[in-house]
Peer 1: 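Please read through the structure below; I'll follow up with questions.
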There are 2 protein chains.
Amino acid sequence: MTVGIKDVALAAGVSVATVSRVIGNGPVSEALRSRVEDAIRATGYRPNLSARRLRSQHSQTIGLIVSDIRNPFFTAVSRAVEEAAYHAGMRVILCNSDENPERELLYLRLMQEERITGLIFAPTRTTLDGLDGIGLDFPVVLIDRGGPSGGHDAVVLDNAQAAATLVDHLHAQGYRRIAGLFGNTSTTGVERHDGYRAAMAARGLEADARFIPPYAEAAETEVARWLGGPDRPDAVVVSNSLLLMGVVKAVRGLGLSIPGDLALAGFDNEPWTELVGPGLTVIEQPVHDIGRTAMELLFERLDAPARPARKVVLSGTCVVRGSTAGSKSLAGAAVP
Amino acid sequence: MTVGIKDVALAAGVSVATVSRVIGNGPVSEALRSRVEDAIRATGYRPNLSARRLRSQHSQTIGLIVSDIRNPFFTAVSRAVEEAAYHAGMRVILCNSDENPERELLYLRLMQEERITGLIFAPTRTTLDGLDGIGLDFPVVLIDRGGPSGGHDAVVLDNAQAAATLVDHLHAQGYRRIAGLFGNTSTTGVERHDGYRAAMAARGLEADARFIPPYAEAAETEVARWLGGPDRPDAVVVSNSLLLMGVVKAVRGLGLSIPGDLALAGFDNEPWTELVGPGLTVIEQPVHDIGRTAMELLFERLDAPARPARKVVLSGTCVVRGSTAGSKSLAGAAVP
DNA sequence: GTTTTCAGTGTAATCGTTTTCAGAATGCCG
DNA sequence: CGGCATTCTGAAAACGATTACACTGAAAAC
């Protein structure tokens with residue numbers, strides 16, 4: 001038989017209300033408080049969170065839905081979120097959607113049943129579009145995928161600018177045939193593509209972009225074909241680290257060198273990017289800040305439900321490494 | 001006002017019991033069932049999980065405590081666990097202990113308050129020792145760190161054998177001065193060290209092992225010092241991927257080459273190990289199997305609480321890559 | 001034709017807390 | 001010394017579901 005608040009009350013010779021007040025730091029005389037605390041220790045009492053949540057109507061729980069926790073970006077964000085949550089005395093429910101709208105719906109439903117306090121969510125494009133129609137009764141903060149400033153708070157990277165930075169950097173290093181490889185499920189891919197395209201246009205270069213599914217294998221086969229074809233690029237901007245990995249594999253598979261045969265620039269400064277080949281040039285996202293800011297937005301929203309939605313745009317830092325060191329193209333460009 | 005089971009009952013013209021039975025697939029006539037289902041849809045009713053758990057005394061929740069979800073090993077395991085859990089209609093509570101015994105205690109307490117059904121746990125050595133004294137009222141399955149076959153179910157890698165495999169492989173490639181670098185917080189470090197030491201002894205080689213805190217930086221400085229010292233090894237067996245990363249950094253920082261100046265063999269076949277330098281030789285752990293097996297053990301334990309504890313030992317696969325390609329030592333060994 | 005089953009349904013008790021409300025005790029003031 | 005805040009404390013009513021139990025009517029068994 002598990003010990004409940006009644007048993008503690010009995011042991012301490014007080015009412016259950018008093019025990020509850022001791023736990024919740026309510027007004028209790030010192031004498032009783034210590035008697036109750038002794039009783040709690042003696043009985044090994046642990047409050048039942050389900051009962052507590054039911055009665056108090058506070059779940060003290062925030063939901064976190066990401067596409068895949070194995071993506072280091074989300075791993076890092078989730079740690080930041082959890083840290084902030086536990087500091088605020090809250091719990092986190094983590095769900096992996098696998099970029100699958102059905103699973104997202106399933107988990108949104110779960111969140112409602114858990115009566116969560118608020119949600120931090122990195123939705124697919126399809127779910128993002130229908131989000132307002134679902135009738136969620138808790139605030140939502142979008143991360144990573146902001147969308148076109150819908151009615152929700154959001155914290156995102158300045159994707160367009162980051163992509164443009166990479167293009168500019170490659171251009172400055174003398175590369176001209178700069179291709180782009182983007183994931184096709186999230187809005188980040190779209191935004192980064194836009195930035196890429198704009199920067200290319202600004203330089204008077206011809207854009208050559210492809211959208212593919214967010215798997216390393218997809219990138220690998222795509223790039224292998226690309227490098228064998230007629231429109232062979234001499235540099236590639238890659239939309240995320242998973243795809244970047246695929247590209248590296250393809251290049252190595254073909255026995256080509258980085259940056260000699262193909263320069264590479266991507267997103268997410270993961271530890272290994274420093275160690276691969278000459279080091280990979282990447283945009284470093286402020287992952288921890290993203291998680292923390294999302295929690296801040298959420299808390300502020302809970303404080304003031306009526307305030308207009310805000311979108312926080314953080315900018316990334318360009319970490320330059322050997323994978324974009326100039327360049328035979330530079331020499332080539334000097335010829336004519 | 002949130003809609004409760006009463007509102008649904010009212011809308012459908014039935015009692016709350018009937019609504020509850022519809023939800024729980026209890027015995028209800030077809031006519032009423034569809035009327036209730038319509039009412040649920042119409043009202044947008046979502047059952048309150050706290051209430052349900054309180055009354056039914058089933059939390060349908062399993063706990064998962066790991067040291068750090070950013071460690072790809074645990075990331076992968078957690079996905080496997082979640083997958084199995086959601087298949088069984090259960091939820092997962094994930095906690096990061098950061099290898100900190102205090103936090104572990106904190107989270108164990110949380111688990112009790114959540115009245116979880118069972119726990120999957122990768123404990124530090126200190127917590128493992130005191131685990132029986134805590135009086136947990138749910139079954140525990142240990143992962144990654146089994147300990148000396150305590151009273152708990154566990155699923156672990158055959159660490160000693162895996163480490164020995166790496167030593168044997170390095171020996172076969174002609175290396176003789178084979179050092180070992182191990183994490184000092186978990187039992188895995190200890191077991192891998194034992195395997196390393198035994199294999200070295202069996203070959204008549206002198207072991208040279210060091211235990212360090214589980215951070216890449218620690219490995220980096222340690223190895224930098226090591227390579228500058230008099231006992232400079234020509235190969236290193238490294239206990240986990242975080243440390244392995246540190247070692248690679250150190251070697252590159254010193255401008256040395258792999259495997260020319262130092263051969264490397266480690267644990268965990270993460271995607272990037274294939275891409276670094278000539279590729280890193282590693283022991284691949286069956287991460288997904290570990291998670292799945294842990295859940296299976298847990299379910300079986302729930303079925304049969306009395307059955308004696310079982311320890312499942314899985315073996316890893318040695319993935320050979322360039323970082324252990326033989327070797328100037330081989331030439332050296334041929335001289336005398 | 002009467003008695004048993006039995007499937008389907010409703011009523012009310014229950015899970016373990018928090019919280020409202022009212023009462024008891026204390027101190028202060030006039 | 002009586003009245004009035006002020007502070008603690010306890011009894012009892014929620015919270016929103018599940019489930020034990022009693023009941024109904026129809027079908028089956030005698």
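Protein chains get the first letters and strands the later ones, always in sequence-line order, with residue 1 at the start of each. The model shown is predicted, which means the values in this text are computed figures rather than measured ones.
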Peer 1: Tell me whether the side-chain N/O atoms of B:Gln57 come closer than 4.0 Å to OP1 or OP2 in C:dG16.
Peer 2: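 So the side chain of B:Gln57 is within the cut-off, an N or O lying under 4.0 Å from OP1 or OP2 of C:dG16.
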Peer 1: With sequence neighbours left out, what residues match A:Arg109 under salt bridge (Lys or Arg N to Asp or Glu O under 4.0 Å)?
Peer 2: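 By the salt bridge (Lys or Arg N to Asp or Glu O under 4.0 Å) rule, A:Arg109 matches no residue at all.
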Peer 1: Does the A:Arg145 side chain pair with the main chain of A:Pro123, one donor and one acceptor, at a distance under 3.5 Å?
Peer 2: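 Looks like yes, one N/O pair under 3.5 Å.
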Peer 1: Pick out the pairs of N or O atoms, protein on one side and nucleotides 18-20 of chain C on the other, that lie under 3.5 Å.
Peer 2:
| from | atom 1 | to | atom 2 | distance (Å) |
| --- | --- | --- | --- | --- |
| C:dT18 | OP1 | A:Arg52 | NH1 | 3.4 |
| C:dT18 | OP2 | A:Ser20 | OG | 2.5 |
| C:dT18 | O2 | A:Arg55 | NE | 3.4 |
| C:dT18 | O2 | A:Arg55 | NH1 | 2.8 |
| C:dT19 | O4' | A:Arg55 | NH2 | 3.4 |

Peer 1: Starting at the 5' end of DNA chain D, write a dot or bracket for each base, bracketing those in Watson-Crick or G-U wobble pairs whose two distances are under 3.5 Å and using | for partners on another strand.
Peer 2: ||||||||||||||||||||||||||||||
Peer 1: Just grab all the ring pair (Phe, Tyr, Trp, His ring centres under 6.0 Å) pairs involving residues 68-110 of chain B, residues at least two apart or on different chains.
Peer 2: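 The answer is A:Tyr86-B:Tyr107, A:Tyr107-B:Tyr86.
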Peer 1: Can you tell me how far apart OG1 (A:Thr293) and CG (A:Leu298) are? Round to the nearest 0.5 Å.
Peer 2: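 Between atom OG1 of A:Thr293 and atom CG of A:Leu298 there are 12.0 Å.
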Peer 1: Please report the interatomic distance CG(A:Leu106) to CD1(A:Ile65), rounded to the nearest 0.5 Å.
Peer 2: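 If I round to the nearest 0.5 Å, the distance is 9.5 Å.
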Peer 1: Which residues within residues 29-43 of chain A lie with some heavy atom under 4.0 Å of an atom in DNA chain C?
Peer 2: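 The stretch gives none, as no residue of it lies under 4.0 Å from the strand.
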Peer 1: Report the distance from atom CZ of B:Arg53 to atom P of C:dT17, rounded to the nearest whole Å.
Peer 2: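 Rounded to whole Å, this separation is 15 Å.
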Peer 1: Please state how far atom CG in A:Asp7 lies from atom C1' in C:dC15, giving the value in whole angstrom units.
Peer 2: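 These atoms are roughly 14 Å apart.
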Peer 1: Using heavy atoms to find the nearest nucleotide of DNA chain C for B:Thr18 and B:Leu54 separately, return the residue whose nucleotide is more 5′.
Peer 2: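 It is B:Thr18, whose closest nucleotide lies nearer the 5' terminus.
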Peer 1: Report yes or no: do A:Thr124 and A:Glu104 form a side-chain donor-acceptor pair below 3.5 Å?
Peer 2: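 The criterion, which ignores hydrogens and geometry beyond distance, is satisfied for A:Glu104 and A:Thr124.
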Peer 1: Does a donor on one side chain and an acceptor on the other come within less than 3.5 Å for A:Arg91 and A:Thr61?
Peer 2: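 Result is yes, a qualifying pair exists.
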Peer 1: Can you find a pair of side-chain heavy atoms, one from B:Cys95 and one from B:Leu110, that are under 4.5 Å apart?
Peer 2: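 Yes, side chains in contact.
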Peer 1: Taking atom CD of A:Glu102 as the centre, report whether more than 12 heavy atoms of other residues, nucleotides or ligands fall under 6.0 Å from it.
Peer 2: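 No - once you tally the heavy atoms of other residues, nucleotides and ligands closer than 6.0 Å, there are 12 at most.
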Peer 1: Under the criterion side-chain hydrogen bond (donor to acceptor under 3.5 Å, both in side chains), which of A:Thr126, A:Asn184, A:Thr127, A:Thr185 is the partner of A:Glu99?
Peer 2: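 One option only clears the test, and that one is A:Thr185.
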Peer 1: Heavy atoms, side chains only, cut-off 4.5 Å: are A:Arg115 and B:Leu49 in contact?
Peer 2: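 No - every pair of side-chain heavy atoms lies 4.5 Å or more apart.
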Peer 1: What I want to find out is whether A:Lys311 reaches A:Asp153 closely enough, with some N-O distance under 4.0 Å, to be called a salt bridge.
Peer 2: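 Salt bridge flag = no for A:Asp153 with A:Lys311.
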Peer 1: A:Glu37 and side-chain contact (heavy atoms from CB on, under 4.5 Å): which partner among A:Val19, A:Val8, A:Leu32, A:Val22?
Peer 2: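 The residue from A:Val19, A:Val8, A:Leu32, A:Val22 that satisfies side-chain contact (heavy atoms from CB on, under 4.5 Å) with A:Glu37 turns out to be A:Val22.
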Peer 1: What is the 5' to 3' range of DNA chain D, first to last nucleotide, that sits under 4.0 Å from any heavy atom of chain A?
Peer 2: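 On DNA chain D, the outermost contacted nucleotides are D:dC8 to D:dG16.
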